[in-house]
Amino acid sequence: MSRPQNPFRFGDPVQGDYYMPLPEFDRLVSQFLENRIHTVLIGPRRFGKTSFVLRLLEEFEANGKVCLFVDIFNITSHRDFLQQILRALRAKKTWREKLRSWIETIPRLRPRLSMENDASSGLPSFSLSTDITEDKDVKETILDVFAAIERLGDRVVVAIDEFQKIAEIEDGGWLEATLRTQMQQLPNTTFLFTGSRKSVISDMLNNQSRPFYRSCQTLDFPSFGEEFIDWIIGRFALVGMECNREALLDLQRQVQNTPNYLQMACFHLVAMGVDRVGKEEIATALRMIVAQNSYAYQTLLNTLTATQQRSLRLAAKVCSQVFSKEVLERYEIASPAAMASAIKSLKDKEILDEGTARGVVIFDDPLFAIWLRMEFPD
Ligand SMILES: Nc1ncnc2c1ncn2[C@@H]1O[C@H](COP(=O)(O)OP(=O)(O)O)[C@@H](O)[C@H]1O
Ligand SMILES: [Mg+2]
């Protein structure tokens with residue numbers, strides 16, 4: 001008898017049975033987009049933003065809209081940005097012929113994109129011509145491509161994943177301003193952005209001197225509640241495993257409610273072949289996952305100053321009231337100012353994140369906090 005597939009998945013965006021539907025949030029976001037309101041979804045990394053957007057776009061496409069999904073997480077330049085848009089266009093396999101005629105309608109665009117036939121499928125494809133190296137040409141091409149996207153359909157939705165990268169490119173704000181202009185000028189196109197760096201995005205949207213000032217509806221990506229635990233129990237049941245609900249709720253707290261890590265721990269619990277999932281089994285799985293990252297965490301820690309390391313250890317243990325005198329003394333941190341400055345650097349390095357209240361810090365990676373607690377017990 002073949003073993004049933006593991007019902008859990010982590011790492012990449014999930015779909016189909018591996019995805020817990022979010023019908024209410026679906027409806028909310030759809031309402032905005034249907035009414036041509038540009039929308040920003042903000043939420044921590046690994047919370048399910050990309051999975052959500054991909055699923056929503058599928059539904060929109062089924063309803064006759066033209067959707068484009070552009071992932072800019074790794075861009076470092078205008079050229080990278082352009083390449084990612086072209087890549088998103090190429091991913092639309094059924095549009096091949098449409099894209100070819102579309103490129104031909106824009107005279108300036110044609111020489112900049114080279115048409116070729118895809119070796120494996122024989123279908124027409126295109127890529128950025130290798131002569132386009134000057135930033136000026138790249139910029140013009142970005143504008144042309146936007147103008148062309150508009151012609152792809154009557155209703156177009158462009159999703160840009162991890163869009164705060166636009167603000168992090170050092171170009172004097174050109175890309176940010178350009179995108180804003182496009183949002184205003186393309187009457188049939190609605191933008192859906194996602195982002196994980198709350199402080200960067202808040203400044204983009206709330207600073208009067210920046211182009212995105214009040215241009216979008218922002219929504220906090222919802223954190224999954226107990227319904228996710230029910231969903232997980234249902235997934236375990238598929239492979240005949242029972243589990244203790246309280247123990248899963250406790251795991252959910254430990255991983256700061258991060259769906260990715262819940263699925264990761266559950267994946268390992270299934271792989272370990274335990275019969276019944278309880279507190280101890282979960283602790284074992286969690287230790288194993290954390291140990292797998294141990295080398296990376298150790299390396300990261302070694303790049304930090306002594307005060308930063310102590311501040312992190314403190315934050316991993318204490319979480320709130322991190323500035324209290326008693327706590328600072330225990331962790332050998334000279335003053336609240338030294339702690340504040342360490343926290344600021346750790347935020348810049350994207351290791352810590354903005355908490356909701358003063359004196360509360362959040363780890364970008366909750367497993368790192370668990371590792372610190374394991375590595376430095378009091
Ligand atoms: N709706 C969901 N149902 C179940 N698991 C989810 C869901 N959304 C996210 N996950 C889990 O989180 C992981 C990361 O999802 P992803 O969409 O890439 O997050 P983000 O884009 O916010 O970083 C997935 O591999 C999966 O394990
Ligand atoms: Mg993502």
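For this chain, numbers begin at 1 and follow the sequence in order. Below, all heavy atoms of this structure are taken into account, side chains as well, without hydrogens, waters or symmetry copies. Numbering of ligands and ligand atoms starts at 1, following listing order. All of these numbers come straight from a predicted model, not from anything done at the bench.
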- CA sep, side-chain torsions, deciding dist, call: Leu248, Ile233, side-chain contact (heavy atoms from CB on, under 4.5 Å): CA-CA 9 Å; Leu248 282 176; Ile233 292 173; 3.8 Å; yes

- Can Thr39 and Gln217 be counted as having a side-chain donor-acceptor contact under 3.5 angstrom? no

- Query: For the rings on Phe193 and Phe191, is their centre-to-centre separation under 6.0 Å?
  - Reply: yes

- Query: Relative to Phe60, does Arg155 satisfy both conditions: NZ or CZ under 6.0 angstrom from the six-membered ring centre, and within 45 degrees of the ring's axis?
  - Reply: no

- Say whether Ser202 and Asn206, considering side chains only, have a donor N or O and an acceptor N or O under 3.5 Å apart. no

- Message: Just checking: Thr50, one of its N/O/S atoms, less than 2.8 Å away from the Mg ion (ligand 2), yes or no?
- Response: yes

Could you pull out every N or O of ligand 1 that sits under 3.5 Å from a protein N or O, with the distance for each pair?
residue  : atom   : partner : partner atom : Å
ligand 1 : 1 (N)  : Met20   : O            : 3.0
ligand 1 : 3 (N)  : Met20   : N            : 2.7
ligand 1 : 5 (N)  : Gln263  : NE2          : 2.7
ligand 1 : 12 (O) : Asn260  : N            : 3.3
ligand 1 : 17 (O) : Thr50   : N            : 3.4
ligand 1 : 17 (O) : Ser51   : N            : 2.8
ligand 1 : 17 (O) : Ser51   : OG           : 2.6
ligand 1 : 19 (O) : Gly48   : N            : 3.0
ligand 1 : 21 (O) : Thr50   : N            : 2.9
ligand 1 : 21 (O) : Thr50   : OG1          : 2.7
ligand 1 : 22 (O) : Phe47   : N            : 3.1
ligand 1 : 22 (O) : Gly48   : N            : 2.9
ligand 1 : 22 (O) : Lys49   : N            : 2.9
ligand 1 : 22 (O) : Lys49   : NZ           : 2.7
ligand 1 : 23 (O) : Arg46   : N            : 2.8
ligand 1 : 25 (O) : Gly11   : N            : 3.2
ligand 1 : 25 (O) : Asp12   : O            : 2.6
ligand 1 : 27 (O) : Arg9    : O            : 2.6

- Determine whether the aromatic ring centres of Phe267 and Phe10 lie less than 6.0 Å apart. yes

